[in-house]
Asker: 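My questions will all concern the structure given below.
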Amino acid sequence: MSNDRQLTPLDTIVSLCKRRGFIYQSSEIYGGINGFWDYGPLGVQLKNNIRDDWWRSMVECAPLDENGEPVHIVGLDSSIIQNPRAWVASGHVGGFSDPMIDCRACKARFRADHLEEYDCPRKPSKKAGAHESCDLTEPREFNLMFETFVGAVKSDESRAYLRPETAQGIFLNYKNVLDTTRVKLPFGIAQIGKAFRNEVTPRNFVFRSREFEQMEMEWFCHPDESEKWMDFWKRERMRWWRSLGIREEHLIFRDHEADELAHYSKACVDVEYLYPFTAPKYGELEGIAHRGCFDLTQHGTHAEMKLDYTDPVTNERFVPNVIEPASGLTRGVLVLLCEAYTEEWVPKEGVEGGPREAVSGESTPEGYESRVVMKFAPRLAPVKVAVFPLLKNKPELVAKAREVFKELRQHWHCFYDQTGAIGRRYRRQDEIGTPYGVTIDFDTLADNTVTLRDRDTMKQERISLDELSGHLAGRLAS
RNA sequence: GCGAGAGUAGCUCAGUGGUAGAGCUCCACGUUGCCAACGUGGUUGUCGAGGGUUCGAAUCCCUUCUCUCGCUCCA
């Protein structure tokens, strides 16, 4: 795969997602709602598979440190609604909203608190709003946190927020985890869950939505070691994304400039992906932030609680520094959809060779037909194995196929299909990315072998039913 | 929130004031001994929603919602 190949337009992927049940627009029958998406039968399976892979790579089988020993990370699932003081301490209540002023005449927007710093776009010699034809709106709040009210009575006292990031739930429980789980520095707390941001402009399918899912891990370490761990997690996170089957040239690191750093952050590097809507530039997939001691210091002050750490060996007291790899799970789904989508030319009968990637903009050559195949890594594919009787009007084939299906479904997410010609059934599975097809024919009844058909090569091999599960187990782990 | 474009079947789209359409998909039956085969039949729409003009609106007007792009924003 070369870097310069034409990327599939996002619309094509959106259509496939709808058509095959990956992702639907939320509340579609009521006209939809801007910035919200529903994950269909295949979408939720794909999302869960990514989620579980992250959890396994972070919590259950965390990476090895420089001594070859696993680092220590524990899991957490904190509530979405928290004491609103948490968001004051975190800086989100004060800093997450900026009053903005629009000029109706020149279609420009200014931060109300910095109005005097802007020049009028049409008359640069004057300040914004100072020109006689300027037509400014009242300052408007752009608070990116969703508000709600806890309890039956709506009042300022009952006001609360849907979390705009999962991270704060981790900081709020940092002391609980220290006090109850015998962890020692350095260690991490990982969490996967929904977060909500009232984005001004939801865009690009699920890339920027108002309700999304994050996979975040806060790594607590000694300040002197923070740079080392920043490098460590940078490497590990890139390694993980590549392990999902994302092409190397589609992922880059991008260091944040000093002026784009968040209020809490000392340094930040993004893992970026070559999305079809950002190409030739890359767009954010994960942020790895050096949060310093900002959060624990803030919560320590606001909650009047000692959140510093005493080293059990040296008795040194300090506030740990935090390295935060924060990924978008739902962005991960989008990346894998973009990455997996492939149009191919497949030789017809009598033409030599296997499938090859279609050249964008060119029509299918003579002797070939086209197919769409989602090339998910087998372990992430929503459906692992499809089981078919070669013919549906032969009861003995159907019965045997049902038997094989019932066996395999105990190990993997399987799909049974007897409708239509066998070729059509293979292609249907290609379009949802099912890595393997198992077909039962008359030979199966005679010698207990089946056809195992490979999604990517379209090659078929005969395999004994006794060995089928073993074969699949090996291949589906990749 | 501003500006521009768009919204018709599950998907892609045609239809400029006079009976709601095509291709693909999907379903059933038949056929079919391994790659979107074929035959026959069939399902699917408040033409995004609401209001107006008109004898009559998918079509013209207004409002609104949603999508796309550009601003703005993006912790």
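In the text below, chain A, chain B and the rest are named by the order of the sequence lines, each starting its count at 1.
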Asker: Using a cut-off of 4.0 Å on non-hydrogen atoms, how would the nucleic acid contact of A:Gly35 be classed: base, sugar-phosphate, or nothing?
Answerer: sugar-phosphate
Asker: side-chain hydrogen bond (donor to acceptor under 3.5 Å, both in side chains) between A:Thr278 and A:Tyr273: does it pass, once the steps are laid out?
Answerer: CA-CA 9 Å; A:Thr278 57; A:Tyr273 176 74; over 6 Å; no
Asker: Got a list of protein N/O to nucleotides 42-46 of chain B N/O distances below 3.5 Å?
Answerer:
none

Asker: Across all strands shown, which nucleotide pairs with B:C38 by Watson-Crick or G-U wobble geometry, both distances under 3.5 Å?
Answerer: B:G30
Asker: Main chain of A:Phe376, side chain of A:Arg455: is a donor-acceptor contact present, judged purely on distance under 3.5 Å?
Answerer: yes
Asker: One thing to verify: whether A:Glu284 and A:Arg331 come together as a salt bridge, which I'm taking to mean a side-chain N less than 4.0 angstrom from a carboxylate O.
Answerer: yes
Asker: Heavy atoms within less than 4.0 Å of RNA chain B: which residues of residues 319-330 of chain A have one? Give them sorted by number.
Answerer: none
Asker: In plain terms, say whether A:Lys18 and A:Glu28 are close enough for a salt bridge, that is, a side-chain N and a carboxylate O under 4.0 Å apart.
Answerer: yes
Asker: Please classify the nucleic acid contact of A:Gln25 as base, sugar-phosphate, or nothing, using heavy-atom distances under 4.0 Å.
Answerer: sugar-phosphate
Asker: Identify each donor-acceptor pair in which a side-chain atom of residues 384-407 of chain A lies under 3.5 Å from a protein atom, sequence neighbours left out, and give them as a table.
Answerer:
residue, atom, partner, partner atom, Å
A:Lys384, NZ, A:Pro378, O, 3.1
A:Lys384, NZ, A:Arg379, O, 2.9
A:Lys384, NZ, A:Ala381, O, 2.8
A:Lys400, NZ, A:Glu403, OE2, 3.1
A:Glu407, OE2, A:His411, NE2, 3.3

Asker: Is the closest basic N to carboxylate O distance between A:Glu199 and A:Arg210 below 4.0 Å?
Answerer: no
Asker: According to a strict under-4.0 Å criterion, is A:Lys18 in side-chain N/O contact with OP1 or OP2 of B:G10?
Answerer: no
Asker: Check salt bridge (Lys or Arg N to Asp or Glu O under 4.0 Å) between A:Asp430 and all other residues, then give those that pass, not counting sequence neighbours.
Answerer: A:Arg371, A:Arg453
Asker: Look through every strand shown and name the nucleotide pairing with B:U64 as Watson-Crick or G-U wobble, where both distances are under 3.5 Å.
Answerer: B:G48
Asker: Which value, in whole Å, describes the distance between the C1' atoms of nucleotides B:A28 and B:A22?
Answerer: 23 Å
Asker: Could you give the CG-to-P distance, from A:Asp11 to B:C11, as a whole number of Å?
Answerer: 13 Å
Asker: For the pair A:Arg475 and A:Glu461, find out whether any cationic side-chain nitrogen is under 4.0 Å from an anionic carboxylate oxygen.
Answerer: yes
Asker: In B/S/- notation, 5' to 3', how is nucleotides 21-36 of chain B contacted by protein heavy atoms closer than 4.0 Å?
Answerer: ----SSSS--SBBBBB
Asker: Name all residues meeting the salt bridge (Lys or Arg N to Asp or Glu O under 4.0 Å) criterion together with A:Arg254; count only those two or more places apart in sequence or in a different chain, and write none if there are none.
Answerer: A:Glu260, A:Asp270, A:Glu272
Asker: Under 4.0 Å between a Lys/Arg side-chain N and an Asp/Glu carboxylate O for A:Lys375 and A:Glu344?
Answerer: yes
Asker: Please state whether the rings of A:Tyr275 and A:Phe277 are parallel, tilted or perpendicular, taking 30° and 60° as the class boundaries.
Answerer: parallel
Asker: With sugar-phosphate meaning primed atoms plus P, OP1 and OP2, does A:Phe207 contact a base, only sugar-phosphate, or nothing at under 4.0 Å between heavy atoms?
Answerer: nothing
